[in-house]
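Step one of this worksheet: look at the structure below.
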Amino acid sequence: MHMQKITSEELTRVIMENMSGMYRLAFSIVGNDADAQDAVGDTVVKAYEKIQTLRKKESVQSWLMQILVNNSRNIVKKRRWKLLENEMEDLEDSGAFKSDEMWPLVMELPEEFRIVVALYYYQNFSVKEIGKMLKISEGTVKSRLSRGREKLSKLLE
């Protein structure tokens, strides 16, 4: 059975037909105009870059929407990390950790460990709350805490 590949002209037509729906979907995920436009723009670029990976011409619309959902979620994730980083920097600047000799070491941890360690030890959030906040499983929170502690003890040596 021969599967037909889609041409870039056909892809352009599908994108144009779906532009307002794509924008609405992106907006429903990211919640603002600028990020929704970015998500749609990134999706269009990625669709042309990955056109070879589309196996069935008939599934082009759902394929496009999948790319869009992933791009939109990534924008939200980046925004969430940025907010947490800024909050941590604000706390650091406020002098809340000035008495804590561990804080400079915590700040040396890779981001994924630094954030869970800070939320758990400095903000007193539970593993469950951190999981909800970061949209990761409790198991992931626990393993990041554990690996963060390992890295801290290595830094202390």
Side-chain angles (χ1 to χ4, degrees), residues 1-92 105-120 122-123 125-152 154-155:
M1 185 177 100
H2 175 67
M3 284 187 240
Q4 269 191 305
K5 291 277 181 196
I6 187 167
T7 64
S8 54
E9 291 76 25
E10 290 168 316
L11 180 59
T12 302
R13 185 182 48 75
V14 172
I15 289 170
M16 297 315 288
E17 288 170 359
N18 288 282
M19 194 55 81
S20 65
M22 287 168 66
Y23 174 82
R24 272 196 309 275
L25 176 60
F27 192 94
S28 75
I29 297 169
V30 299
N32 71 65
D33 178 63
D35 286 342
Q37 287 182 18
D38 285 349
V40 171
D42 293 347
T43 298
V44 170
V45 170
K46 198 169 276 178
Y48 285 106
E49 286 172 356
K50 307 262 183 212
I51 194 169
Q52 270 39 283
T53 66
L54 181 63
R55 285 187 192 82
K56 289 192 210 124
K57 196 195 283 196
E58 307 78 61
S59 54
V60 65
Q61 194 177 359
S62 63
W63 175 73
L64 257 181
M65 296 304 173
Q66 229 172 350
I67 296 172
L68 179 63
V69 166
N70 290 335
N71 283 339
S72 300
R73 284 186 175 146
N74 287 339
I75 287 171
V76 171
K77 239 182 247 166
K78 280 186 192 129
R79 199 167 53 204
R80 195 176 303 121
W81 284 116
K82 202 82 221 126
L83 282 172
L84 282 168
E85 270 191 334
N86 292 344
E87 279 176 33
M88 287 174 70
E89 283 167 16
D90 292 348
L91 282 168
E92 189 181 17
L105 295 176
V106 170
M107 290 309 288
E108 285 182 38
L109 291 173
E111 183 180 81
E112 61 180 323
F113 306 117
R114 186 172 68 231
I115 290 173
V116 292
V117 166
L119 289 170
Y120 187 81
Y122 293 94
Q123 298 294 297
F125 284 107
S126 70
V127 167
K128 187 178 195 160
E129 290 168 322
I130 295 169
K132 276 199 180 111
M133 237 182 276
L134 301 179
K135 296 205 175 6
I136 56 178
S137 74
E138 289 179 42
T140 301
V141 174
K142 287 177 186 169
S143 83
R144 286 183 187 175
L145 276 171
S146 165
R147 290 178 56 208
R149 282 191 295 265
E150 279 171 34
K151 289 180 182 303
L152 282 171
K154 282 198 178 83
L155 289 172

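Note that this is a predicted model, so its numbers are computed, not measured.
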Applying side-chain hydrogen bond (donor to acceptor under 3.5 Å, both in side chains), name anything that partners Arg79, two or more places apart in sequence or on another chain. Asp35
Checking the side chain of Lys5 only, and the main-chain atoms of Gln52 only, is there a donor and an acceptor separated by less than 3.5 Å? yes
Say whether, by atom type as modelled, one donor and one acceptor occur between the side chain of Ser72 and the main chain of Leu68 under 3.5 angstrom. yes
Exercise: identify the closest heavy-atom pair between [X] and [Y]:
X	Y	result
Tyr23	Ala36	CE1-CB, 3.6 Å
Asn71	Ala39	ND2-O, 3.8 Å
Phe113	Arg144	CD2-O, 3.3 Å
Tyr120	Phe125	CD1-O, 3.4 Å

Distance check, rounded to the nearest 0.5 Å: [X] atom [atom1] versus [Y] atom [atom2]?
X	Y	atom1	atom2	answer
Ile6	Leu54	CD1	CG	6.0 Å
Gln37	Asn32	CD	CG	9.5 Å
Glu129	Glu138	CD	CD	10.0 Å
Leu145	Thr140	CG	OG1	11.0 Å
Ile75	Asp42	CD1	CG	5.5 Å
Leu109	Leu152	CG	CG	4.5 Å

Can you tell if the side chain of [X] reaches within under 4.5 Å of the side chain of [Y], non-hydrogen atoms only?
X	Y	value
Leu134	Val141	no
Arg114	Val106	yes
Leu105	Glu108	yes
Glu10	Val14	no

Would the number of heavy atoms belonging to other residues, nucleotides or ligands and lying under 6.0 Å from NZ of Lys46 be above 12? no
Decide, yes or no, whether a salt bridge links Arg13 with Glu17 under the criterion of side-chain N to carboxylate O below 4.0 Å. yes
Side chains of residues 58-66: which donor-acceptor partners sit under 3.5 Å, not counting sequence neighbours?
unit_1: Ser59; atom_1: OG; unit_2: Lys56; atom_2: O; d: 2.9
unit_1: Gln61; atom_1: NE2; unit_2: Asn18; atom_2: OD1; d: 2.6
unit_1: Ser62; atom_1: OG; unit_2: Ser59; atom_2: O; d: 3.1

